[in-house]
Amino acid sequence: MGKAEAYLDEVLGAFDFGVPVVGAVRFGQGHINDTFVVHTQPEDRCCRRFILQRMSAAAFKRPDQLMENVIGVTEYLGREIERNGGDRDREALRVIRPRDGGAYYTDRDGGAWRLYPFVEDTVCCQAAETPELFAASGRAFGRFQRLLQSYPAQTLHETIPRFHDTEDRLAKLKAAVAADKLGRAAECRAEIDFMLAREKDCSAALQALRDGVLPLRVTHNDTKLNNVLMDKTTGEGVCIIDLDTVMPGLAINDFGDSIRFGANHSAEDETDLSRVNLDVGLFEVYTQAFLEGAGGTLTAAEIEYLPWGAKLMTLECGIRFLTDYLEGDVYFHISREKQNLDRCRTQCKLVSDMEDHWDELAAIVKKYC
Ligand code: ADP
Ligand code: GN1
Ligand code: MG
């Protein structure tokens, strides 16, 4: 499979845009899919835009099952939003089918492409520029959780098996270290040891699930700030995107992944670690907002485990970046050398910060229990 750009002509021809297409250009800062914005030129209105994506073949082995999930979830959300008097086309994604009527288009080399309308008058943030904005994302992800609480979980396919199985992620890291395919393990010794020293932690949430302390729910599983579109004017969360990993999972992981990415003031690949610090104030802002959005759907045990969600998602993401670095950067998109190692290092720093502030984090969630 070649660079996504090489297939654009073929793929654009496979969809009926209803108006002439002007062109498509790369868009956004996702690490997984190849995303393009398509510009069209209608005669009587301003340019309508679309989001065209080639789903990552490295991440998703079964695009058919993935799209079945996405269509099921977006249609369900659409109905819930309409029932609550919301604007369906702004607050939920809508899959646009290719001319052949399928859920997505398969190009000449097997690449799977899908199309959505561009949700206009929104912004997509790469960092929590203000506490208000971070709170708005928390309310949106909490609401997402609430809207899906009665979704038939058994109909969802597991698009990435063992996605947030932190024990398995550590096992995969150990295998990558043992294989050391590119001879990179020596330079990552400190990071490898950091992960190995936390082997017991990797079981904390999974054990609570096995013990029946934490319930399985329908969750998003990739709740980065840049996976929610915010209203350009009000700053409120409008539409949750990136539904590739909506699967049965733990609510604490949805909470935790947002904290991992948003409760600090540095980029995920920052190389100056003195700038990478957990902001406990933002942790509290997000806790309050997420629980407000979730509107009573979380149990007391889930709330108590929220700091674990934050620590585990950060640790797990660090393990995944490190594994990918050792395996030759085959999963996460990179734009420079050692970017995955730098990403891993920021996650280690944040995990250490969470450990140092553990009692404070526990006290904060207790306040909202
Ligand atoms: P990835 O899995 O690679 O992160 P996403 O589905 O998150 O892919 O899309 C990448 C980026 O494209 C998003 O962060 C956002 O900026 C933009 N995007 C995706 N879907 C839409 C949409 N329907 N409307 C506007 N922007 C979108
Ligand atoms: C990926 O797709 P994107 O860029 O929103 C990844 C997440 C990681 C994240 C780290 C399907 O998210 O699991 O936490 O990168 N998504 C997938 O930034 O693996
Ligand atoms: Mg994304």
Side-chain angles (χ1 to χ4, degrees), residues 4 24-39 48-61 63 66-67 69-70 74 89-96 113-127 137 141 158-166 169 219-232 238-247 249 253-254 256-262 267-270 309-310 312-324 329-335 339-340 342-344 346-347 350:
V25 282
R26 284 237 173 221
F27 190 79
Q29 299 197 27
H31 294 341
I32 303 296
N33 297 307
D34 290 297
T35 302
F36 297 85
V37 58
V38 179
H39 294 262
R48 264 183 77 199
R49 298 193 290 173
F50 297 83
I51 287 285
L52 178 67
Q53 289 182 316
R54 180 173 73 172
M55 292 167 258
S56 163
F60 307 111
K61 306 299 171 206
L66 188 162
M67 289 307 292
N69 281 5
V70 170
T74 50
D89 277 320
R90 205 165 144 67
E91 295 171 33
L93 291 174
R94 190 194 283 279
V95 174
I96 302 174
W113 296 76
R114 65 170 167 227
L115 187 72
Y116 297 121
F118 194 103
V119 183
E120 297 289 353
D121 301 318
T122 56
V123 287
C124 177
C125 303
Q126 306 304 326
S137 76
F141 280 121
E158 208 178 355
T159 53
I160 301 180
R162 311 186 80 170
F163 188 55
H164 284 322
D165 180 336
T166 317
R169 294 292 188 180
T219 47
H220 183 281
N221 293 307
D222 189 2
T223 50
K224 286 203 294 200
L225 185 62
N226 63 12
N227 285 331
V228 51
L229 303 177
M230 324 291 294
D231 187 278
K232 202 165 75 181
V238 174
C239 182
I240 302 290
I241 59 169
D242 206 343
L243 305 174
D244 299 333
T245 51
V246 175
M247 289 183 277
N253 290 344
D254 274 8
D257 200 40
S258 295
I259 297 296
R260 174 191 79 73
F261 189 79
E268 202 178 46
D269 63 347
E270 172 64 59
L312 285 169
M313 283 300 94
T314 314
L315 183 64
E316 183 187 286
C317 208
I319 291 173
R320 294 172 62 197
F321 287 142
L322 185 54
T323 306
D324 198 34
D329 308 304
V330 290
Y331 185 88
F332 295 105
H333 291 176
I334 53 163
S335 53
Q339 196 173 13
N340 274 321
D342 290 334
R343 288 170 175 156
C344 162
T346 63
Q347 305 306 291
L350 290 170

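All ligand and atom numbering here is 1-based and tracks the order in the structure.
- A donor-acceptor pair is defined here as one N or O able to donate and one able to accept, closer than 3.5 Å; such a pair exists between the side chain of N227 and the backbone of D222.
- Near D242, meaning under 4.0 Å from one of its heavy atoms, ligand 2 places the atoms 2 (O), 3 (P), 5 (O).
- Note that OG1 of T74 is 13.5 Å distant from CD1 of I240, once rounded to the nearest 0.5 Å.
- A 4.5 Å side-chain heavy-atom check between D324 and H31 finds every atom pair outside the cut-off.
- Annotation: side chain of D254 is in contact with side chain of T219 (closest heavy-atom distance under 4.5 Å).
- Every heavy atom of M313 sits 4.0 Å or more from the atoms of ligand 2.
- At under 3.5 Å, a nitrogen or oxygen of H31, whether backbone or side chain, sits near a nitrogen or oxygen of ligand 2.
- Residue A59 places every heavy atom at 4.0 Å or more from ligand 2.
- Within the 4.5 Å cutoff, the side chain of L93 has no heavy atoms near those of the V70 side chain.
- Here is the list of ligand 2 atoms found below 4.0 Å of a heavy atom in N227: 5 (O).
- In terms of protein heavy atoms, atom 19 (O) of ligand 2 is closest to Y331 OH, 2.5 Å.
- You'll find the side chain of D34 reaches within 4.5 Å of the side chain of R26, heavy atoms only.
- Side-chain contact check for H164 versus N221: some heavy-atom pair is nearer than 4.5 Å.
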**OP:** Walk me through it: do Q339 and F332 pass the test side chain to side chain contact (heavy atoms under 4.5 Å, CB included)?
**Re:** CA-CA 10 Å; Q339 196 173 13; F332 295 105; over 6 Å; no
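- In terms of polar-atom proximity, defined here as any N/O pair under 3.5 Å, Q29 makes no such contact with ligand 2.
- Atoms of ligand 2 lying under 4.0 Å from any heavy atom of D222, numbered from 1 in the order shown and given with element: 2 (O), 3 (P), 5 (O), 6 (C), 7 (C), 12 (O), 16 (N).
- In this structure, E268 pairs ionically with R260, as a charged nitrogen and a carboxylate oxygen lie closer than 4.0 Å.
- At a threshold of 4.5 Å between non-hydrogen side-chain atoms, the residues L243 and H220 count as touching.
- Of the heavy atoms in F261, none comes closer than 4.0 Å to ligand 2.
- Atom OG1 in T166 sits 5.0 Å away from atom CG in L312 (nearest 0.5 Å).
- A distance of 9.0 Å separates CG in L52 from OG1 in T35, rounded to the nearest 0.5 Å.
- Within the 4.0 Å heavy-atom criterion, the part of R320 lying near ligand 2 is the side chain and not the backbone.
- The closest side-chain heavy-atom distance from N33 to D244 is below 4.5 Å.
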Measure and list all N/O to N/O distances between ligand 1 and the protein that fall under 3.5 angstrom.
| unit_1 | atom_1 | unit_2 | atom_2 | d |
| --- | --- | --- | --- | --- |
| ligand 1 | 2 (O) | N33 | ND2 | 3.0 |
| ligand 1 | 2 (O) | D242 | OD1 | 3.3 |
| ligand 1 | 2 (O) | D242 | OD2 | 2.9 |
| ligand 1 | 3 (O) | I32 | N | 3.2 |
| ligand 1 | 3 (O) | N33 | N | 2.9 |
| ligand 1 | 4 (O) | D242 | OD2 | 3.0 |
| ligand 1 | 6 (O) | Q53 | NE2 | 2.9 |
| ligand 1 | 7 (O) | N227 | OD1 | 3.0 |
| ligand 1 | 7 (O) | D242 | OD2 | 3.0 |
| ligand 1 | 8 (O) | Q53 | NE2 | 3.4 |
| ligand 1 | 9 (O) | Q53 | NE2 | 3.1 |
| ligand 1 | 14 (O) | N226 | O | 3.0 |
| ligand 1 | 23 (N) | P117 | O | 3.2 |
| ligand 1 | 24 (N) | V119 | N | 3.0 |

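- Contacts between D244 and ligand 2, counted as non-hydrogen atom pairs separated by less than 4.0 Å, are absent for every part of the residue.
- Scanning the protein for heavy atoms near atom 9 (C) of ligand 2, the closest one is K224 NZ, 3.7 Å.
- With H333 contributing its side chain and I32 its backbone, the two residues share a donor-acceptor pair below 3.5 Å.
- Below 3.5 Å of separation, one finds no N or O of N221 facing any N or O of ligand 2.
- Looking only at protein heavy atoms, the nearest one to atom 1 (C) of ligand 2 is I32 CG1, 3.6 Å.
- Distance check: L225 CG to Q126 CD gives 7.5 Å after rounding to the nearest 0.5 Å.
- Residues K224 and Q29 form no side-chain contact, since every pair of their non-hydrogen atoms from C-beta on lies 4.5 Å or further apart.
- Proximity to G30 (heavy-atom distance under 4.0 Å) selects the following atoms of ligand 2: 4 (O).
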Original post:
Could you walk me through whether T323 and I319 pass the side chain to side chain contact (heavy atoms under 4.5 Å, CB included) check?
Top reply: CA-CA 6 Å; T323 306; I319 291 173; 4.0 Å; yes
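- In terms of polar-atom proximity, T245 is not counted as a contact of ligand 2, lacking any N or O under 3.5 Å from an N or O of the ligand.
- The CD atom of E316 sits 7.0 Å away from the CG atom of N253 when rounded to the nearest 0.5 Å.
- Here is the list of ligand 2 atoms found below 4.0 Å of a heavy atom in C317: 10 (C), 14 (O).
- Taking OH from Y116 and CZ from R94, the interatomic distance works out to 13.0 Å, rounded to the nearest 0.5 Å.
- Between H333 and ligand 2 there is no heavy-atom distance shorter than 4.0 Å.
- Listed by number with element, the atoms of ligand 2 under 4.0 Å from a non-hydrogen atom of E268 are 10 (C), 18 (O).
- Around the Mg ion (ligand 3), the protein atoms of type N, O or S that sit closer than 2.8 Å are N227 OD1, D242 OD2.
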